[in-house]
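First comes the structure, then the notes that go with it.
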There are 2 protein chains.
Amino acid sequence: MTLSKAASEFIVHWGEMGSRWGVNRTVAQVHALLYLSAGPLTAEEIAETLAVARSNVSTSLHELQNWQLVRATHLLGDRRDFFSTSHDVWQLFFTVLEQRVEREIEPTIAALGRLAVEARAEKRTDVTARIASMHAFLQEMHGWYQQMSKLPPSTLRSLVSLGSSITKWLPIRRKAKGEK
Amino acid sequence: MTLSKAASEFIVHWGEMGSRWGVNRTVAQVHALLYLSAGPLTAEEIAETLAVARSNVSTSLHELQNWQLVRATHLLGDRRDFFSTSHDVWQLFFTVLEQRVEREIEPTIAALGRLAVEARAEKRTDVTARIASMHAFLQEMHGWYQQMSKLPPSTLRSLVSLGSSITKWLPIRRKAKGEK
DNA sequence: CTGTAAGTTCAGTATAAACAGAAAGTACAG
DNA sequence: CTGTACTTTCTGTTTATACTGAACTTACAG
């Protein structure tokens, strides 16, 4: 399979973006290719198109499957695995978000909770306060994320398209005297 | 300066988190140290505390200053630079967000805009649609981000603590017949 | 069984990034 | 000026990770 110029540039750019966000370049490129592809592809096709080793594609596809971003499908009378990803960008976004929250944010919150207790035991008041602030912040954001993730996608999209005009609907909140 | 166990673990964890999100480990550790520190520190102190080369600290501090996360201050009669960062987690979060949006998201949106035009010219209808969807998604999120970033911090924090209950305040929205 | 096509795992190599240490630069005190 | 304290820049080395190619495994057709 040969790529159009635009497709190829898209894939290259996606690979670079991946690198900047801690995602393996090949993994990101494989995902980008599947995203652009009209139908499922075999590992062989992916390796040829991206000009990387078959083994590298195998590993990357496993990684993407672990991230729940790619799934394998089969054709009657064909032993090969066919791989595909969602074309729904919102869904992709939430999958990645969900995975990163689960793998990185939640363990970090747990760790900070422990560290705050530890710091307090060490009587380092300032350090304790700093760790606790970070912990509280992550917990608050996480709580918000969890509530948002439970809303139906259509509501979520409405909230995003409303933007800051959402504040118009809220009960009026004014700063009390002396409140900073 | 010697670190308490909790402080040291916090810094190590922060360094690891940095790595996973495409931030240099030392850069993340220096920032974590400054975050925990009650007052400004010299590069020398930072290098000793983290046990890394002075030159590495110098580079990392420059990087952090480019990211607007750290600033240098001075003491009368002291030629050394003293470095510090905000202790306000929300502010730190928004600074990082702002920088990453500026450096990565905005250029990506621009690139996708160009690629969508290019794909259309190549008459690759499916690829065009896929690139355009990604472009539209990023634009929508970016628009939302921009509006949110203009709200006063207190309003923003209220929105986060409201969570999904915000939907209660919205004009009732029901799915029209046949709407999916 | 045997051969072939597909998929996976593994060991070694290559690459890019991080890092240290040395060298150079800068600012100022005396 | 000269020496010292501090900072930056540069070069070579180290390290971590990505990646390849080969060996190995599995499944199945003939």
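Residue numbering restarts at 1 for every chain, and letters A, B, ... go by the order of the sequence lines. Note that these values count all heavy atoms, side chains included, but never hydrogens, waters or copies made by symmetry. Predicted model, so just to flag it, every value in this text is computed and none were measured.
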Let me know the distance between [atom1] of [X] and [atom2] of [N], rounded to the nearest Å.
| X | N | atom1 | atom2 | value |
| --- | --- | --- | --- | --- |
| B/R20 | D/dA16 | CZ | C1' | 15 Å |
| B/R80 | D/dC6 | CZ | C1' | 9 Å |
| A/H74 | D/dC28 | NE2 | C1' | 14 Å |
| B/F83 | D/dT7 | CZ | C1' | 9 Å |
| B/Q65 | D/dT8 | CD | C1' | 12 Å |
| B/I46 | D/dC6 | CD1 | P | 14 Å |
| B/L75 | D/dC6 | CG | C1' | 15 Å |
| A/N24 | C/dA16 | CG | P | 13 Å |

Note to self: Nearest to the A/N56 side chain among D/dC19, D/dA22, C/dA22, which nucleotide is it?
What the structure shows: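 Side chain of A/N56 sits closest to D/dC19.
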Check: Around atom CZ of A/R54, are there more than 12 heavy atoms of other residues, nucleotides or ligands at under 6.0 Å?
Finding: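 Correct, the count exceeds 12.
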Next item on the list: Check whether any side-chain N or O of B/H74 sits under 3.5 Å from a backbone N or O of B/D81 as a donor-acceptor pair, and report yes or no.
Entry: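 Here the side-chain-to-backbone pair does not exist.
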Item checked: B/A116 backbone acceptor or donor facing B/T128 side chain under 3.5 Å ->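 Here the side-chain-to-backbone pair does not exist.
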Checklist line | Touch class at under 4.0 angstrom, heavy-atom based, for B/T42 against every strand present | finding: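 The residue B/T42 makes no contact with any strand.
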Margin query: Over all strands shown, is A/R54 touching base, sugar-phosphate only, or nothing at heavy-atom distances under 4.0 angstrom?
Written below: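 Result for A/R54 = base.
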Notebook entry, point to check: Between the side-chain atoms of A/R79 and the base atoms of C/dA6, is any donor-acceptor pair under 3.5 Å?
Noted result: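 Not at all, since no donor on one side and acceptor on the other fall under 3.5 Å apart.
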Next item on the list: Using a strict 4.0 Å threshold on nitrogen-to-oxygen distance, state whether B/E9 and B/K5 make a salt bridge.
Entry: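 Yes, this pair counts.
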Note to self: Can you tell me if A/T59 touches the phosphate of D/dA18, counting only side-chain N or O atoms and a distance under 4.0 Å to OP1 or OP2?
What the structure shows: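 Result: no.
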Check: Are any of B/R25's side-chain N or O atoms less than 4.0 Å away from OP1 or OP2 of C/dC19?
Finding: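 Yes, because at least one side-chain N or O of B/R25 sits under 4.0 Å from OP1 or OP2 of C/dC19.
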Note to self: Using a 6.0 Å distance limit plus a 45 degree cone around the ring axis, check whether A/R100 lies over the aromatic ring of B/W21.
What the structure shows: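 Ring-cation test returns yes.
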Margin query: Assuming nearest nucleotide by heavy-atom distance, tell me which of B/S58 and A/V23 is located more 5' along DNA chain D.
Written below: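 Checking each residue's closest nucleotide, the 5'-ward one belongs to B/S58.
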